[in-house]
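In what follows, every chain begins at residue 1, and chains take the letters A, B, ... in the order their sequences are listed. Atom set for the values below is all heavy atoms of this structure, side chains included, hydrogens, waters and symmetry mates excluded.
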Amino acid sequence: MNVYRINTKDFNLDLTLSCGQVFRWEKNERWAGVVNGELIRARQLDAEVIIDSALDKKFIRDYFRLDDDMEKIYASMNKDQKIASLIRKYRGLRLIRQDPWECLVSYICSSNNTIRNIRNSIRRMCECFGDKIYEGYFSFPTPESLSEVQLCDMEQCRLGFRAPRVLKIASMIAKNEFDLYGIKTLSYEEGRRELVKIDGVGNKIADCVLLFAFGKLESFPVDTHIEQIMDMYYGDKFKGSKSKKREEIAEFAREYFGKYCGYAQEYLYLEDLG
DNA sequence: CTCCAGGCTTACG
DNA sequence: CGTAAGCATGGA
């Protein structure tokens, strides 16, 4: 077990872990989460972040995207007074670089669901089918382990209609019928075309995986929250039919906020949650 | 009771 | 092409 004391700039641990992009972190005296099968404990004192984990320091820096140049990113996406206000209000909110498999399953579970239910379902999946790595902490089940789970045994996780979708893609990945990790090397557009082939994955969930796991910062996932706040802030621009409206918003955001629009999405999303 | 939640699939014009 | 019901579950 290592202890890292990392000096940061423009990093806010609480905002980063509570903004809804990750589902398994919990805060008591300090934050605790399981990432890549290892426990991470984290707390922040002013600019200093203190990490306890068996993972190496480079992994931690990568996971929290500590090497992102936030001054440059803020300058790039700061297009008007509204987003400038959000940058002031939530300065230090970072994207996280999640594991693609856990991210994919998590967002398949997000379909027509609440954050509370998503968290509970994922926790039960880890308790039932992950490995116990510490008292009360479980790893996220691998595609291989989930591929051997029967649908009736998934019922206790309360995924509802999403359960067969999770088991199906788990099986496909375990049998090398779908190359999830290969998407890392594809462009945003190519990666999206691959991801939407998965049963239960449309444009929005694909965009979440591309942004939160594969680091495609030009991805701008549009859900009900983002649609509402974009309507409120920039609504006069979207006149398309209902079914195409979310695509229209995403395209506008890519053009308007630029190549780091994924970061802008996080700030807008947090504003709508709060 | 009804309605909705970080949507997607399928069915029907 | 386009739109709209249906989907499990839980909480307001």
Length of the CD1-P vector between A/Ile169 and B/dC8, whole Å: 15 Å
Separation of C/dG10 P from A/Ile118 CD1 (nearest whole Å): 14 Å
Passing option when A/Arg61 is tested against A/Thr8, A/Asp67, A/Asp56 for side chain to side chain donor-acceptor pair (under 3.5 Å): A/Asp67
C1'-based separation of B/dC3 from C/dG6 [nearest Å]: 15 Å
Sugar-phosphate only, base, or nothing, as touched by A/Ile198 at under 4.0 Å among non-hydrogen atoms: sugar-phosphate
Minimum-distance nucleotide to A/Gln265 side chain [options: C/dT9, B/dG7, B/dG6]: B/dG6
Proximity of A/Tyr90 and A/Tyr263 rings by center, below 6.0 Å: no
P spacing across the pair B/dT9 / C/dG10, given as an integer number of angstrom: 23 Å
Sugar-phosphate, base or nothing in reach of A/Gly202, heavy atoms under 4.0 Å: sugar-phosphate
A/Tyr107-B/dG6 aromatic stacking (under 5.5 Å, under 30°): no
A/His225 vs A/Val196, nearer the 5' end of DNA chain B by closest nucleotide: A/His225
Mutual orientation of the aromatic rings belonging to A/His225 and A/Tyr269 [parallel < 30°, tilted 30-60°, perpendicular > 60°]: perpendicular
Main-chain N/O of A/Leu159 paired with A/Arg124 side-chain donor or acceptor, under 3.5 Å: no
Sugar-phosphate, base or nothing in reach of A/Val222, heavy atoms under 4.0 Å: nothing
Nearest-angstrom distance, C1' atom, B/dC4 to C/dA5: 15 Å
Touch class at under 4.0 angstrom, heavy-atom based, for A/Glu227 against every strand present: nothing
Residue closer to the 5' end of DNA chain B, A/Asn112 versus A/Asp199 (nearest nucleotide): A/Asn112
Length of the line joining A/Asn120:CG and B/dA5:P, which is rounded to integer Å: 18 Å
Aromatic plane relationship, A/Phe257 with A/Phe220 - under 30° parallel, 30 to 60° tilted, over 60° perpendicular: parallel
Most 5' of A/Arg116 and A/Arg165 on DNA chain C, judged by nearest nucleotide: A/Arg165
